[in-house]
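Quick notes on the structure that follows.
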Amino acid sequence: MNLQSVKLRFGIIGNSPKLERAINIALQVAPTDLSVLITGESGVGKETFPKIIHQYSARKHGSYIAVNCGAIPEGTIDSELFGHEKGSFTGANDARKGYFEVVNGGTIFLDEVAEMPLSTQARLLRVLETGEFIRVGSSKPQKTNVRVVAATNVNLQEAIENGRFREDLFYRLSTVPIDIPALRERKDDVSLLFRKFASDFAEKFKIPPIHLDHEADELLKSYRWPGNVRQLKNITEQISIIESERVINAKTLLSFLPSNAGKSELPVLFQGKKSVLNSDNFERELIYGFLSDLKHDVTELKHLVAEIISDGGIHDLKQKSSLMNKLINLNDDTVHKTDHSEKEEFEIDDYEEQFEEYPVEAEISLLNDDSLSIEKKERSLIIKALHKHNGKRKFAAQDLGISERTLYRKIKEYNIE
């Protein structure tokens, strides 16, 4: 059986593997009399699959009827499905056959089956198990031979847990389950569907078909389409009728999408003719967050060291001096990473002598400076180190925990004489 011929016959557009798998399952189960449960979001086209199952079954010459269980009032659904006797309730002036009696030998499609009342679910279960039903107001069982295909967009497992759907009926209906993918799961099919709908509406309204430019096509595929194929078809029809321009850009398409579309539904933002991906905004926010965290960490480090010094704990301060070194030498990171010929790992012992001779008051002053300019503090430390070692760069560099070449570059950068 040719898959493409089935698509053409039933007007199915798309080449998604998930969609084609659903069609193949429908074709395989069609020759049997097994009950089928079709699941999928609203608007994905569930109503097409019962027709496939019926047309490729031995019942194809029998009756086929689709019943929307959610559209029938609870008080009359039993009568609609199973019929009633004359006088069985107010307004029952004549006896009436139900769908299960009329479609005997054919197929009945129960759409939105999860909306069916529990009492009606019990009646349906009896039909599936024994092939018998009883009209409303009667006590006489009747036989029927009907193939049942049901569909729902509700999670039936949750409905069972909440007491809104019978578990035994669920297993009876879902002998063979078929899941129809949402439109967002078949993005490559979105453009195909749009072109097909645009062509159909152009022929229907006797107007030239609309086309999308590149950015509009990307937006079309990026949108989540919560209403699935039904929503896409409606929007295509609106644009076909309203817009005078036949080439649609992203800005025009965006105006037809719901105004409350959130970021989860619209991952691409448009500014004029240039598209801006949310990833750019994400990187910017990431940088801002890093800088904020860095400022917070530096402030905490200031207060911590100042507190230790004020308590007389100079030894603890030496142990934490590696943190200070990282702060001071942020600008040296690139040199450290690229210059593999020099080993410039920092050791706490390198600062032992400096902390003994360096005035504690100067450290407190440095840590309490709210401006916290890294360049300013770095220049000050370099000058102190050079003065301490009588201008000898080699020993000053060792004291600072940096290479002599880096120190020479810093001296020139900060114009230190």
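- The pair R96-E80 meets the salt-bridge criterion, with a side-chain N (NZ, NE, NH1 or NH2) lying under 4.0 Å from an Asp/Glu carboxylate O.
- Residues passing the salt bridge (charged side-chain N to carboxylate O under 4.0 Å, His left out) test with E20 are K7, sequence neighbours excluded.
- The shortest side-chain heavy-atom distance between H211 and I248 does not fall under the 4.5 Å cut-off.
- Between A198 and P209, the shortest heavy-atom contact is O-CB, 4.1 Å.
- Between the side chains of R172 and S35, no donor-acceptor pair of N or O atoms lies under 3.5 Å.
- Side-chain atoms of D189 and I13, non-hydrogen and from C-beta on, never get closer than 4.5 Å to each other.
- Taking CG from L125 and OH from Y171, the interatomic distance works out to 13.5 Å, rounded to the nearest 0.5 Å.
- For the salt bridge (Lys or Arg N to Asp or Glu O under 4.0 Å) test with E85, the passing option among K97, K140, R135 is R135; the others fail.
- At distances below 3.5 Å, at least one donor-acceptor pair connects side-chain atoms of N2 with backbone N or O atoms of Q4.
- Side-chain atoms of S138 never come within 3.5 Å of backbone atoms of I134 as a donor-acceptor pair (strictly under, hydrogens ignored).
- If you take CD1 on I38 and OG on S174, they are separated by 12.5 Å, rounding to the nearest 0.5 Å.
- In plain terms, the two heavy atoms of L232 and V190 that are nearest each other are CD2-O, 3.8 Å.
- Judged by distance alone, with hydrogens and angles left aside, the side-chain atoms of W225 form a donor-acceptor pair with the main-chain N or O of L220 at under 3.5 Å.
- When the shell of 6.0 Å around CD of Q238 is examined, it contains more than 12 heavy atoms from other residues, nucleotides or ligands.
- Panel note: side chain R166, backbone G163; no donor-acceptor pair is recorded below 3.5 Å.
- Atom OH of Y408 sits in a sparse spot, with 12 or fewer heavy atoms from other residues, nucleotides or ligands closer than 6.0 Å.
- In this structure the side chain of I53 reaches within 4.5 angstrom of the side chain of R147, judged on heavy atoms.
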Y99 and L110: side-chain contact (heavy atoms from CB on, under 4.5 Å), yes or no, with the steps?
-> CA-CA 11 Å; Y99 297 134; L110 300 176; over 6 Å; no
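- When atom types are taken as modelled, the side chain of S222 and the backbone of E218 share a donor-acceptor pair closer than 3.5 angstrom.
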Pair L407-L400, side-chain contact (heavy atoms from CB on, under 4.5 Å): steps then yes or no | CA-CA 9 Å; L407 177 60; L400 290 170; 4.0 Å; yes
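- With values rounded to the nearest 0.5 angstrom, E101 atom CD is found 8.0 Å from T144 atom OG1.
- Pairing each heavy atom of L37 with each of T152, the nearest pair is CD1-CG2, 4.4 Å.
- The two atoms that bring F109 and E47 nearest to each other are CE2-CA, 4.0 Å, heavy atoms only.
- Classification of K46 and D111 as a salt-bridged pair fails, no side-chain N sitting under 4.0 Å from a carboxylate O.
- Counting heavy-atom neighbours within 6.0 Å of R21 CZ, excluding the residue itself, gives a total of 12 or less.
- Put simply, the side chain of R164 never gets that close to the backbone of A114: no donor and acceptor are under 3.5 Å apart.
- Put simply, the side chain of D33 reaches to within 4.5 Å of the side chain of R59, judged on heavy atoms.
- Side-chain atoms of T120 never come within 3.5 Å of backbone atoms of M116 as a donor-acceptor pair (strictly under, hydrogens ignored).
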Check step by step if side-chain contact (heavy atoms from CB on, under 4.5 Å) holds for F170 and Q157.
-> CA-CA 9 Å; F170 168 73; Q157 292 289 357; 3.5 Å; yes
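- H54 places no side-chain N or O within donor-acceptor distance of the main-chain N or O of I108, the cut-off being under 3.5 Å.
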What do the steps show when you test E413 against R409 for salt bridge (charged side-chain N to carboxylate O under 4.0 Å, His left out), and what is the final call?
-> CA-CA 6 Å; E413 180 181 343; R409 179 174 59 81; 3.6 Å; yes
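- By the neighbour-count criterion of 12 heavy atoms within 6.0 Å, atom NZ of K60 is sparsely surrounded, having that number or fewer from other residues, nucleotides or ligands.
- Of all heavy-atom pairs between S63 and V103, the closest is O-CG1, 3.5 Å.
- No side-chain heavy atom of I52 sits less than 4.5 Å from a side-chain heavy atom of Q55.
- In this structure, OG on S240 lies 11.5 Å from CD1 on I235, to the nearest 0.5 angstrom.
- Between N153 and E41, the side chains place no donor N or O within less than 3.5 Å of an acceptor N or O (distance only, hydrogens not considered).
- Side-chain contact between D200 and K196 is present, with at least one heavy-atom pair separated by less than 4.5 Å.
- No more than 12 heavy atoms of other residues, nucleotides or ligands sit less than 6.0 Å from atom CG of D188.
- Taking the ring centre of Y56 as origin, the terminal cationic atom of R9 falls inside the region bounded by 6.0 Å and 45° from the ring axis.
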Can you check side-chain contact (heavy atoms from CB on, under 4.5 Å) on E115 and V154, steps first, answer last?
-> CA-CA 9 Å; E115 304 300 323; V154 173; 4.3 Å; yes
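- Side chain of K143 to backbone of T130: a donor-acceptor contact under 3.5 angstrom is found.
- Remark: F100 engages F82 in a ring-ring contact (aromatic ring centres under 6.0 Å, His included) (not counting sequence neighbours).
- A side-chain donor-acceptor contact under 3.5 Å links K187 to the backbone of K221.
- Here the closest heavy-atom approach between residue S57 and residue A30 is recorded as CB-O, 3.0 Å.
- With a 4.5 Å cut-off on side-chain heavy atoms, K18 and R186 do not count as touching.
- Judged as a ring-ring contact (aromatic ring centres under 6.0 Å, His included), and not counting sequence neighbours, F205 has no contacts.
- From I207, atom CD1 reaches atom OG of S244 across 11.0 Å, with rounding to the nearest 0.5 Å.
- Between the side chains of S380 and K384, at least one donor N or O lies within less than 3.5 Å of an accepting N or O.
- A heavy-atom distance below 4.5 Å is not found between the side chains of L124 and L81.
- Atoms CD1 and CZ, on I210 and R195 in that order, are 12.0 Å from each other to the nearest 0.5 Å.
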